[in-house]
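Basis for what follows: all heavy atoms, side chains included, without hydrogens, waters or symmetry-related copies.
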Amino acid sequence: MEISSHEPTPEERHRTARAVAGQAKDADELRELLAMLGLSPAEGRAPVPRPRRQPANRTLTIPELAAFVQRATAAA
């Protein structure tokens, strides 16, 4: 059996801690299970910041392009 060298992302760790918390019968069991997985209780509590998405490139309309050029030439 081969062991993966994949390091879980903060979001994966957060989701795992939340899943374990949903199945644990009490706080003691939760602490024990999280410790077995190398997770801390804080990883289940803190929301994981998601990366910002870049806006999709789109084609400018003629009025938008004209306004862009006008602003650019006025600033120069």
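Looking only at distances, no side-chain donor or acceptor of E64 sits under 3.5 Å from a matching main-chain atom of L60. Looking only at distances, no side-chain donor or acceptor of R31 sits under 3.5 Å from a matching main-chain atom of P41.
Once rounded to the nearest 0.5 Å, the distance linking CG of L33 with OG1 of T16 reads 12.5 Å. The CZ atom of R18 lies 10.0 Å from the CZ atom of R45; values are rounded to the nearest 0.5 Å. Put simply, CD on E12 and CD on E43 are 12.0 Å apart, with the number rounded to the nearest 0.5 Å. Here NE2 of H14 is found 8.0 Å from CD of E11. Values are rounded to the nearest 0.5 Å.
Tracing side-chain contacts under 4.5 Å through hydrophobic residues (I, L, V, M, F, W, Y), one reaches M36 starting from V20; they form part of the same cluster.
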